[in-house]
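Here is the structure we will look at.
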Amino acid sequence: MRAASAKRQRLMAAAAQVVHQQGAERTTIADIARAADVPVGNVYYYFKTKDELVAAALAEHARHLRDLTERLERLPDPRERLKGLVETWVGQRDLAARYGCPTGTLAAELDKRDEGGLDTEAGKVIRLLLDWVEQQFRELCLPEPDGLALTLVGAYQGMSLLANALRDPQIMTREGTRLIGWLDSLHA
C-alpha cells in the first residue's frame, strides 16, 4: 500500500510540474507518466482522465501552499510572515519568468474551457492564499484586510505575468522589493 501511495504522490508532483511547464491542454498523460517515471498504463490505476491529473496538480499546488504558510506561521509577526511570502515569490523568479505563477496561469487557461469545472478548483487554491494573506493583515489590525490581501496577491499575479511575458526575472526582484517596502509602510 505504501508503494501505491508513493507512486500516486509522484504522479501528483509530476502533474503539477508538467502542467505548469506545458499548460493543461498541451500536457498528455504520457508526459506526466514519463516525468513521474511510471509506465503510462499504471497511471490509469490512479487517475482515469487527464482532467483528474489536472485536478491532482491543483491539489499539489494547494499542498505546497499549505506547507509554505505553515512554515511562515512559525514567524512570530504577521508582517514578517507576509514579507516572507514575498521573499518566497522572489526566490522563484526564474521559474516565474519561464512559466508564470503555477496556479494563476493554470486558472487563466482553465477558465477558457467550456466544461469541467476545473477553473473553479484553481480558484479555490487562489482563495486559500487570499484567505491566509487576509488573516495576516487582520492580525496586524489593518483596515480592510480583504482589500489589502487582494492588492498583495494581485501584485504577485501581475509581477508573475509580466516576468513571464517579458522573460525577465528581475521584474520579480524589483516588484518584490517594492511590495516589502509597501508592507513596511502599512500601519494601523
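Not measured: the values here are computed from a predicted model. The first residue in the sequence is number 1, and the count goes up from there.
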Atom pairs and distances, side-chain donor-acceptor, residues 72-80, under 3.5 Å, sequence neighbours left out:
unit_1: Glu73; atom_1: OE2; unit_2: Trp132; atom_2: NE1; d: 2.6
unit_1: Glu73; atom_1: OE2; unit_2: Gln136; atom_2: NE2; d: 3.3
unit_1: Asp77; atom_1: OD2; unit_2: Arg79; atom_2: N; d: 3.2
unit_1: Asp77; atom_1: OD2; unit_2: Glu80; atom_2: N; d: 3.1
unit_1: Arg79; atom_1: NH1; unit_2: Leu183; atom_2: O; d: 2.4
unit_1: Arg79; atom_1: NH1; unit_2: Leu186; atom_2: O; d: 2.8
unit_1: Arg79; atom_1: NH2; unit_2: Leu186; atom_2: O; d: 3.1
unit_1: Glu80; atom_1: OE2; unit_2: Lys83; atom_2: NZ; d: 3.4

For Val38 and Arg10, run side-chain contact (heavy atoms from CB on, under 4.5 Å): C-alpha distance rounded to whole Å, both residues' side-chain angles, the deciding distance at 0.1 Å, then the answer. CA-CA 9 Å; Val38 172; Arg10 275 199 337 263; 3.3 Å; yes
**OP:** Report yes if some heavy atom in the side chain of Thr177 is under 4.5 Å from a heavy atom in the side chain of Arg174; otherwise report no.
**Re:** no
Atom pairs and distances, donor-acceptor, side-chain atoms in residues 140-153, under 3.5 Å, two or more places apart:
unit_1: Thr151; atom_1: OG1; unit_2: Gly147; atom_2: O; d: 3.0

Correct closest heavy-atom pair for Val54 and Val19 would be CG2-CG2, 4.5 Å
* Passes salt bridge (charged side-chain N to carboxylate O under 4.0 Å, His left out), Lys112 versus Glu25? Steps please. -> CA-CA 11 Å; Lys112 291 175 177 57; Glu25 296 309 314; over 6 Å; no
Practice problem: Measure from the side-chain N and O atoms of Thr69 to the backbone N and O of Arg66, and report whether any donor-acceptor pair falls under 3.5 Å. | Solution: yes
**Prompt:** What class does the angle between the rings of Trp89 and Tyr156 fall in, given that below 30° is parallel, 30 to 60° is tilted and above 60° is perpendicular?
**Reply:** parallel
Separation between CE (Met172) and CZ (Arg93), nearest 0.5 Å, reads 9.0 Å
Output for pair (Lys124 NZ, Ile126 CD1), nearest 0.5 Å, gives 13.0 Å
CD1 of Ile32 to CD of Gln17, rounded to nearest 0.5 Å, is 10.5 Å
* To do: Spell out, as yes or no, whether a donor-acceptor pair under 3.5 Å connects the side chain of Asn164 to the backbone of Ala97.
  => yes
In terms of heavy-atom contacts, Pro39 and Ala33 come closest through C-CB, 4.4 Å
Residues Lys50 and Ala24: closest non-hydrogen pair is NZ-O, 2.8 Å
Test side-chain contact (heavy atoms from CB on, under 4.5 Å) applied to His20 and Leu95, step by step: CA-CA 10 Å; His20 182 211; Leu95 197 59; 3.8 Å; yes
Closest heavy-atom pair, Leu179 versus Ala155, reported as atoms and distance to 0.1 Å, is CD2-CB, 3.7 Å
Between Ala62 and Leu128, the two heavy atoms sitting closest are CB-CD1, 3.9 Å
**Message:** Do the side chains of Arg63 and Asp67 get close enough for a salt bridge, i.e. N-O under 4.0 angstrom?
**Reply:** yes
In this structure, CG of Leu11 is separated from OH of Tyr45 (nearest 0.5 Å) by 12.0 Å
_ILVMFWY cluster, Tyr99 and Leu129 together (side-chain gap under 4.5 Å)_ = no
Checklist line | Test log, rule side-chain contact (heavy atoms from CB on, under 4.5 Å), inputs Tyr44 and Ile29 | finding: CA-CA 9 Å; Tyr44 293 100; Ile29 289 176; 3.5 Å; yes
Would you tell me whether Gln9 and Glu60 have side-chain atoms, one donor and one acceptor, within less than 3.5 Å of each other?
yes
Next item on the list: Carefully, step by step, assess Thr88 and Gln92 under the rule side-chain contact (heavy atoms from CB on, under 4.5 Å).
Entry: CA-CA 7 Å; Thr88 299; Gln92 298 170 347; 4.0 Å; yes
The reported gap from CG in Leu53 to CE in Met12 (rounded to nearest 0.5 angstrom) is 9.5 Å
Asp184, CG: over 12 other non-hydrogen atoms inside 6.0 angstrom = yes
So CD1 of Ile180 and CD of Glu175: to nearest 0.5 Å the spacing works out to 12.0 Å
Those residues at least two apart in sequence (or on a different chain) that pass ring-ring contact (aromatic ring centres under 6.0 Å, His included) with Phe47 are none
